[in-house]
Amino acid sequence: TGTAERLRAGAGAAWAGLHDHPFVREMAAGTLPPAKFRFYVEQNLMYLPEFARALALGAAKARDEAEMRLFAAALTEVLEVEIPKNRELRDQVAALAPDAVFPPVMAPANRAYTSYLLQVAHQGGPVEVMAAIMPCAWSYGEIAAVIGDEVADHPVYTGWVRFFQSPGYHALVDELKGQLHRMAGERGADGLQEVFTTSVRMERGFWDMAYATAQWPDLEEAA
């Protein structure tokens, strides 16, 4: 069993909760209110640049060229593929929920998650960075793979699932998992479980935030 698999097993119920979340289940069924998805994708467009910065710090702390290339490849994927795809999804869902206008402010759960990733990236080494970013990349691919066969035909949600279900995306995740195992070496999962599990919990918090369209209280009161 690889290091990534041991970390996922150690996350237990926190990891399982990502698959059972009502946001994900309703998205698969095509019943998720478009306003909630619009809030999610707008927040994701604020999240992804910070995720990219964590990857850039991982590259800066890489111990060799192979590690540097891996972080650089993941960074390129975010900047050149994921951010443009999220902009496309935002524009598509905005047409379905034109009246759902949200303040362009990073919500509390989003701020907590991105701050955590950058804290790990600043304080830890490349292995800790990889453990922190892994739940985001891995869980999206795994969720898409699980709901891919049952996803309802939807003008926006189907595209989200198909993107994260693609062979290219899964190849990148497999490379990240393999590299984490190589980077950890004899250390294995020692000292990485809390980093990984905290990121899993932050992922759950991001879904909770999106489902509730939870913004700062003063912004909600002003809406």
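Bear in mind that the values here come from a model prediction, so they are computed numbers and not experimental data.
Side-chain heavy atoms closer than 4.5 Å link hydrophobic residues (I, L, V, M, F, W, Y) into clusters, and following such links, even through other members, never connects Leu55 to Met68. Leu118 and Val78 sit in two unconnected hydrophobic clusters of ILVMFWY residues. Membership requires side-chain heavy atoms under 4.5 Å apart, directly or through other members. The same ILVMFWY cluster, assembled from side-chain heavy atoms under 4.5 Å apart, contains both Met202 and Val200. Linking ILVMFWY residues whenever their side-chain heavy atoms come closer than 4.5 Å, directly or via other members, places Phe51 and Leu79 in the same cluster.
In terms of modelled atom types and a separation under 3.5 Å, the side chain of Asn86 and the main chain of Leu45 share no donor-acceptor contact. Between the side chain of Gln193 and the main chain of Leu7, a donor-acceptor pair closer than 3.5 Å is present. For the pair Tyr116 (side chain) and Val195 (backbone), a donor-acceptor distance under 3.5 Å is present. No donor-acceptor pair closer than 3.5 Å links the side chain of Gln215 to the backbone N or O of Glu220. Using a distance-only test at 3.5 Å, with no hydrogens or angles considered, no donor-acceptor pair links the side chain of Glu67 to the main chain of Met183. Between the side chain of Lys36 and the backbone N or O of Thr213, no donor-acceptor pair lies under 3.5 Å. Checked by atom type and distance alone, the side chain of His181 pairs as donor or acceptor with a backbone atom of Thr3 at under 3.5 Å.
Within 6.0 Å of the CZ atom in Arg87, the count of heavy atoms belonging to other residues, nucleotides or ligands does not exceed 12. No more than 12 heavy atoms of other residues, nucleotides or ligands shown are found within 6.0 angstrom of CD on Glu65. Within 6.0 Å of the CZ atom in Arg69, the count of heavy atoms belonging to other residues, nucleotides or ligands does not exceed 12.
In this structure, the separation between CZ on Arg53 and CG on Leu75 is 10.5 Å, given to the nearest 0.5 Å. Considering CD of Gln43 and OG1 of Thr114, their distance stands at 9.5 Å, rounded to 0.5 Å. Taking CG of Leu32 as the start and CZ of Arg38 as the end, the distance is 14.0 Å to the nearest 0.5 Å. Note: Phe37 CZ to Leu89 CG = 5.0 Å, rounded to the nearest 0.5 Å. To the nearest 0.5 Å, atom CD1 of residue Ile143 and atom CZ of residue Phe23 are 10.5 Å apart. Going from atom CE of Met106 over to atom CZ of Arg111 covers 5.0 Å, rounded to the nearest 0.5 Å.
Taking Pro98 as the reference, nothing meets the side chain to side chain contact (heavy atoms under 4.5 Å, CB included) condition, with sequence neighbours excluded. Listed by chain and number, the residues in a side chain to side chain contact (heavy atoms under 4.5 Å, CB included) with Val146 are His19 (sequence neighbours excluded). Not counting sequence neighbours, the partners of Asp208 by the side chain to side chain contact (heavy atoms under 4.5 Å, CB included) test are His21, Arg204.
With 3.5 Å as the limit, one finds a donor-acceptor pair spanning the side chains of Tyr211 and Glu26. In the model, Thr198 has no side-chain atom that pairs as donor or acceptor with a side-chain atom of Glu194 under 3.5 Å. Between the side chains of Tyr140 and Trp160, no donor-acceptor pair of N or O atoms lies under 3.5 Å.
Salt bridge Lys85/Glu82: absent, no basic N to carboxylate O contact under 4.0 Å. The pair Glu142-Lys177 fails the salt-bridge criterion, with no side-chain N (NZ, NE, NH1 or NH2) lying under 4.0 Å from an Asp/Glu carboxylate O. Classification of Arg182 and Glu175 as a salt-bridged pair holds, one side-chain N sitting under 4.0 Å from a carboxylate O.
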Arg162/Val151 under side chain to side chain contact (heavy atoms under 4.5 Å, CB included): CA gap, chis, key distance, verdict: CA-CA 10 Å; Arg162 295 292 177 252; Val151 66; 3.6 Å; yes
Does Val127 form a side chain to side chain contact (heavy atoms under 4.5 Å, CB included) with Met130? I'd like the steps, not just the answer. CA-CA 5 Å; Val127 184; Met130 188 65 71; 5.7 Å; no
Going through the checks in order, is the side chain to side chain contact (heavy atoms under 4.5 Å, CB included) test met by Phe196 and Met134? CA-CA 7 Å; Phe196 183 90; Met134 184 67 70; 3.9 Å; yes
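For the residue pair Ala54 and Val129, the shortest heavy atom distance occurs at O-CG1, 3.6 Å. Residue Val173 comes nearest to Ala137 through the heavy atom pair CG2-O, 3.6 Å, listed as atom of the first residue, atom of the second, then distance. When all heavy atoms are compared, the tightest approach of Lys61 to Gly125 is CD-CA, 4.4 Å. Nearest approach of Ala144 to Val161, heavy atoms of both residues: CB-O, 3.6 Å. Nearest heavy-atom pair across Ala109 and Gly205 is CB-O, 3.7 Å. Nearest heavy atoms, Ala152 versus Gly30: CB-N, 4.1 Å.
Contact check for Arg25 versus Thr31: no side-chain heavy atoms found under the 4.5 Å cut-off. Using a 4.5 Å heavy-atom cutoff, the side chains of Glu203 and Cys136 are in contact. For the pair Gln179 and Leu176, the minimum side-chain heavy-atom distance is 4.5 Å or more. By the 4.5 Å heavy-atom criterion applied to side chains, Val41 and Val93 are counted as neighbours. When side chains are defined from C-beta on, Val81 counts as touching Phe163, because their heavy atoms get closer than 4.5 Å. A 4.5 Å side-chain heavy-atom check between Ser199 and Ile133 finds every atom pair outside the cut-off. Side-chain contact between Pro104 and Glu42 is absent, with no heavy atoms from C-beta onward closer than 4.5 Å. Side-chain contact between Leu117 and Glu50: absent, with no pair of heavy atoms (C-beta onward) separated by less than 4.5 Å.
Using cut-offs of 30° and 60° on the angle between ring planes, the pair Phe206 and Tyr47 is perpendicular. Ring geometry for Tyr157 versus His154: interplanar angle under 30°, hence parallel rather than tilted (30 to 60°). In this pair, Tyr169 and Phe164 present their aromatic rings perpendicular. The plane angle is above 60°, beyond the 30 to 60° band.
The distance between the ring centers of Tyr113 and Trp207 does not fall below 6.0 angstrom.
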